[in-house]
Amino acid sequence: MGLTKQYLRYVASAVFGVIGSQKANVAYVTLRGGEKGRYVAAAACEHVFIWDVRKGEKVMILEGQKHEVTFLCPSPDGVHVAVGYEDGAVRIFSLLNGESNVSFNGHKSAVSVMRYDGLGARLVTGSKDTDVIVWDIINECGLYRLRGHKDLITQALFLRDRNLLVTSSKDSFVKWWDLDTQHCFKTIVGHRSEVQCGGMVLLDQDNRLLTGSADSELRAWDITYLQEIDESPEEVQKPLSSVLSRLLAHPLSLPPPSLQRILSCHKAGSILREARDRVVSLTTDARSAVIACHANESVLELFRVLPEVEVQQKMKKKEKKAKKKAAQAPEDAAEDAGTPAVTRTLKDEIVRLTNIKASAKIRWAECVWCSGGELKVALLLQNNTVETYSLRTADKTPAGTKTARLTLGGHRTDVRTLAFSSDNLAVLSASGDTVKVWNRATLQVIRTMACEYALCSLFVPGDRQIVLGSESGKLQIFELASAALLESVDAHAGAVWALCLAPDQRGLVTGSADKTVKFWDFELVKDQDAGHKRLTVKHTRTLQLEEDVLCVKLSPDHRLLAVSLLDCTVKLFYADTLKFFLSLYGHKLPVLCLDICHDSTLIATGSADRNVKIWGLDFGDCHRSMFAHDDSVMFLQFVPKTHLFFTAGKDKKIKQWDADKFEHVQTLEGHHREVWCLAISPNGDHLVTASHDKSLRLWERTREPVILEEEREMEREAEFEESMAKGDVPVVPGETPGEAAPAGKKTVETVKAAERIMEALELFREERRKLEDHEYACRAAGRQLPAPKPNPILVAYGNVTPSRYVLDVIKKVRSSELEVSLLVLPFSYVPELLKLFNAYIQQGLEVELVCRCLFFLLRIHFGQISSNQMLLTVMDQLRTNTLARVGQIRDVMGFNSAALQFLQRELESKEEVTFFAEATGKLKKVKLKGRRVEPRVSDLN
């Protein structure tokens, strides 16, 4: 069966016009050992752009796949950056080559926060689904899922020297988790409202917690670690019997189990902010020396955490002042008062540094210390801009100095109109304050000009000038060579909603909210100031209508004029006499867009009622009405010289349709907000779209044909994947759901991985059966028969054995998806797998991987395995072989560790140099000894 009609596929080519998306944060990164504070990572829809703020250039793109980026977190070593997405996925990119080799999938909705531990070996993620997941970066797998919060997770922080985690949420609670036992041992409930995103930082070597909420206070909590208090040298040296006898004698003196031997937390005070609105983000630098916070406004407030030496000096000055004041008081009052008591408060430790005023409302702030004691601050603004500031905290009156502003690569407000030049090389985009002309090939800005709020635009024939229709009713004419405004014509009394170039290219037609359609001719007039001719427009005719005009289009044969009105109708007039010809009724809401095909036979209309109608221009009959989008149809345009057309809707999608067969051809998905407009190049090879997500997207026509049946199948697969992603987390049989749960999530990839393992086991069974049949046939014949041919898959893998092929399939499963894939595996395959695991361990093949799979299968199928008599011998062999093999591996690792330590000592003795780590450790010990001696000397004095 041949194809009756061939459609060519349009694919995404590039994303441009966006500097920083509003859904994610901004972060400083380092590239190839570059200086700190030079490179900034900002989310750009589903991608991450790395900007060189000094040059204002984009130096690297970390390419995403489909879903929008919601959080960024650089690793402590500066080599990687973790990226969280709206679908709950996490990918880790290398900043050396921009590639991602590690991905995690455990959350059901958008990732809201991510943090590395001090070594960069673990990553904690919080999500909108209220779960917190701890991931093992080295092993590339999930450790556990922590449940307990009731709303979006706003912050998650590892403690440096303890295996503890603290999390905050919009449910107003701050929870402390013991990661050894995976349970919540303490909950802080001192907030009257939600703890905002990023609204929590740890200070003073993890001894103080600072939280921000919806009021003007930053609350400080002092943390006391009870383990350190309880484990005094005297207590440690006591024999166990005496400790037990004391506990038995005084059982009521024990602290509550939830607080026993971990920590206590009490409020230390509050810091008052100047802003009265809620905290949008609260952050600190790596040294926790400066705190930055801001509300939903353009002011960033900076506070400085004073070092202990400065706090002590400050307290001494306070004491002196108090003594002096007491000495100046009358003798009676002085005798009553005694020695003045000076208390240390939070204001003595955290002081206001300065305020930084940005050019627009701040979405996120990031701080980093640079060489020379300079603090650099990067601000992601809500108008698609990134600004950087620098200040020196050592100055008496530190002030933030703006060092860079990234604005050239995008618009400050939404793009509402697009146009292509006649040579297909330039793209015009206009927004509420600027109009930009882009080079389509390089996606670089050629011209940027200030304009009024633009609603429609076009290139004047010759591509030397552009015309914009504005919200104020003006027509603005710009010259591209000089980037100058040639003329601003007061064309209408209301907003100019539509512009249409005349088919003879000698003029244009405008439609406005003042209920008129006007015809204009291009003219060249002599400019008295410049001394040469310039372009202008001359008003020739006016068509008065009864309703506001939303759309205007002249048919290519210059015969008819189509006008869309606010009363939900489209009226057709003769272009030469302006006499009424037809009225197209049918839409229930106003028609927001329309277009006429190249041969003037069809007109397509898109409405706010979400439908697209195709009409014949001969009699005005409706050929077909199609449900096009899930929200208003915002723009519609025919592909030149075809009966194919594209529609853009508020449902974030762009769709291609066939006006002859009334078929939906293709859906272009990529935008994350409403799509306002689109433009198709004159040759039909390129498509540009603009959206509320601040991005412009370029789509390119390929030579690949679109098969409609395959498109529908792909849509069904996408729906299945979405439904699976919304499903519950797999529960291990026999375990009741509690605070801790498996970290993985059932996805299409995990199901496919389980299917591949099952197929490999089926192949192993088949090959084993063939060998058994061959042996039986040889015994029956009394001679050696030719060996059976192996499976072609085994031959393709280099004639591997069937058991080795099963191991190769398991090895290729992603580490983060392995446990969920084994959970999906039916139990009928488990006995075969356990026997294979025994063989692998005996041969020493991938012992770590096999042990991980073995322990997981034992945990989830313990009841069935223990009750199966056939597996008892296998389990006994596994126990013996596993312990022996793991012992050997541990001995080898210990031997290698000892050898490395021996080599270290040899190098030190030869070069007479102490390694850096040990040198710093010895220096700390010396300092501690010095601190312990000082009070004793003062006591003697």
Side-chain angles (χ1 to χ4, degrees), residues 733 749-815 817-886 888-889:
E749 286 75 17
T750 59
V751 173
K752 288 180 179 178
E755 288 175 353
R756 287 196 296 270
I757 295 173
M758 287 189 281
E759 288 172 1
L761 288 170
E762 291 285 354
L763 187 146
F764 171 76
R765 288 175 180 174
E766 183 185 346
E767 292 297 307
R768 188 179 60 180
R769 184 181 53 78
K770 284 165 58 176
L771 288 175
E772 290 174 353
D773 293 345
H774 176 257
E775 291 176 1
Y776 178 77
C778 289
R779 285 197 300 270
R783 60 187 179 86
Q784 188 67 29
L785 298 175
K789 290 184 179 180
N791 192 294
I793 296 176
L794 301 178
V795 176
Y797 275 84
N799 287 319
V800 296
T801 60
S803 61
R804 189 59 190 259
Y805 173 69
V806 175
L807 182 60
D808 289 343
V809 170
I810 295 174
K811 278 173 61 179
K812 288 178 181 177
V813 179
R814 281 185 176 177
S815 182
E817 299 170 355
L818 181 60
E819 292 183 350
V820 183
S821 301
L822 293 173
L823 191 61
V824 175
L825 204 66
F827 180 75
S828 58
Y829 293 93
V830 172
E832 202 79 50
L833 209 51
L834 292 177
K835 293 174 184 176
L836 285 172
F837 285 168
N838 189 26
Y840 298 150
I841 290 173
Q842 284 179 338
Q843 299 170 30
L845 298 173
E846 303 291 339
V847 178
E848 294 90 343
L849 175 65
V850 171
C851 286
R852 181 183 166 196
C853 298
L854 172 63
F855 297 150
F856 184 75
L857 288 174
L858 287 176
R859 186 159 67 91
I860 64 174
H861 297 297
F862 177 76
Q864 291 171 290
I865 291 174
S866 59
S867 61
N868 192 333
Q869 295 293 325
M870 303 294 292
L871 290 177
L872 288 179
T873 55
V874 178
M875 295 307 302
D876 194 36
Q877 292 174 4
L878 273 170
R879 180 175 60 84
T880 306
N881 295 332
T882 303
L883 289 174
R885 185 64 67 178
V886 171
Q888 289 178 11
I889 293 173

**Student:** Distance from Leu794 atom CG to Lys789 atom NZ, nearest 0.5 Å?
**Tutor:** 14.5 Å

**Student:** Looking at Arg859 and Glu819, does any basic side-chain N land under 4.0 Å from a carboxylate oxygen?
**Tutor:**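 Salt bridge flag = no for Glu819 with Arg859.
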
**Student:** Which pair of non-hydrogen atoms, one from Ser803 and one from Phe764, has the smallest distance, and what is that distance?
**Tutor:** N-CD1, 3.8 Å

**Student:** If I take atom CG from residue Asn799 and atom OH from residue Tyr805, how far apart are they, to the nearest 0.5 angstrom?
**Tutor:** 14.0 Å

**Student:** What do the steps show when you test Leu857 against Leu822 for side-chain contact (heavy atoms from CB on, under 4.5 Å), and what is the final call?
**Tutor:** CA-CA 7 Å; Leu857 288 174; Leu822 293 173; 4.2 Å; yes

**Student:** Can you name the nearest heavy-atom pair linking Glu848 to Ile889, along with the distance?
**Tutor:** OE2-CG2, 4.2 Å

**Student:** Check the surroundings of atom CZ in Phe862: do more than 12 heavy atoms from other residues, nucleotides or ligands lie under 6.0 Å from it?
**Tutor:**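 No - once you tally the heavy atoms of other residues, nucleotides and ligands closer than 6.0 Å, there are 12 at most.
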
**Student:** For the atom pair CD (Glu817) and NZ (Lys752), what is the distance rounded to the nearest 0.5 Å?
**Tutor:** 11.0 Å

**Student:** Under 3.5 Å, is there a donor-acceptor pair between the side chain of Arg852 and the main chain of Ser815?
**Tutor:** yes

**Student:** Report the C-alpha distance between Ile757 and Tyr829 in whole Å, list the side-chain angles of each, state the deciding distance to 0.1 Å, and finish with yes or no for side-chain contact (heavy atoms from CB on, under 4.5 Å).
**Tutor:** CA-CA 9 Å; Ile757 295 173; Tyr829 293 93; over 6 Å; no

**Student:** Can you confirm whether Leu833 sits close enough to Leu825 that some side-chain heavy atom of one is under 4.5 Å from a side-chain heavy atom of the other?
**Tutor:**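 Leu833 vs Leu825: side chains touch.
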
**Student:** Of all the heavy-atom pairs spanning Tyr840 and Leu807, show the shortest one and how long it is.
**Tutor:**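 Answer, listing the atom of Tyr840 first, then Leu807: OH-N, 3.4 Å.
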
**Student:** Going through the distances and angles, do Arg814 and Glu749 end up as a salt bridge (Lys or Arg N to Asp or Glu O under 4.0 Å)?
**Tutor:** CA-CA 9 Å; Arg814 281 185 176 177; Glu749 286 75 17; over 6 Å; no

**Student:** Tell me whether Glu767 is salt-bridged to Lys770, with the criterion being a basic N under 4.0 Å from an acidic carboxylate O.
**Tutor:**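 Salt bridge flag = yes for Lys770 with Glu767.
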
**Student:** Looking at every non-hydrogen atom in both residues, tell me the closest pair between Phe837 and Leu854 and how far apart they are.
**Tutor:**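 Looks like CE1-N, 4.0 Å.
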
**Student:** Taking side chain as C-beta onward, heavy atoms only, is Phe856 less than 4.5 Å from Leu818?
**Tutor:**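 Counting from C-beta outward, Phe856 and Leu818 never come under 4.5 Å.
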
**Student:** Out of curiosity, Gln877 CD to Arg879 CZ, how far, rounded to the nearest 0.5 Å?
**Tutor:** 11.0 Å

**Student:** Please report the closest heavy-atom contact between Ala760 and Val806, naming both atoms and the distance.
**Tutor:** O-CG2, 3.6 Å

**Student:** Of the non-hydrogen atoms in Gly863 and Ser866, which two are nearest, and what is the gap between them?
**Tutor:** O-OG, 3.1 Å

**Student:** Heavy atoms, side chains only, cut-off 4.5 Å: are Leu763 and Glu759 in contact?
**Tutor:**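 Result no, sub-4.5 Å side-chain heavy-atom pair not found.
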
**Student:** Would you call Asp808-Lys812 a salt bridge at under 4.0 Å N-O?
**Tutor:**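 No, no charged N to carboxylate O under 4.0 Å.
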
**Student:** Kindly indicate, with the supporting measurements, whether the criterion side-chain contact (heavy atoms from CB on, under 4.5 Å) is fulfilled by Leu845 and Val850.
**Tutor:** CA-CA 8 Å; Leu845 298 173; Val850 171; over 6 Å; no

**Student:** Let me confirm one number: the CZ-CG distance from Arg885 to Asn881, rounded to the nearest 0.5 Å.
**Tutor:**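 Taking CZ in Arg885 and CG in Asn881, the distance rounds to 8.0 Å.
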
**Student:** How long is the straight-line distance from CG of Leu836 back to CD1 of Ile810, given to the nearest 0.5 Å?
**Tutor:**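 Answer rounded to 0.5 Å: 7.5 Å.
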
**Student:** With the side chain counted from C-beta on, respond yes when Tyr797 and Val809 share a heavy-atom pair under 4.5 Å apart, and no when they do not.
**Tutor:**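 Side chain of Tyr797 against side chain of Val809, heavy atoms only: no contact under 4.5 Å found.
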
**Student:** Evaluate the side-chain contact (heavy atoms from CB on, under 4.5 Å) criterion for residues Gln864 and Val830: first the C-alpha distance (whole Å), next the side-chain angles of each, then the deciding distance (0.1 Å), finally the verdict.
**Tutor:** CA-CA 10 Å; Gln864 291 171 290; Val830 172; over 6 Å; no

**Student:** Regarding Glu832 and Arg765, does a basic nitrogen lie under 4.0 Å from an acidic carboxylate oxygen?
**Tutor:** yes

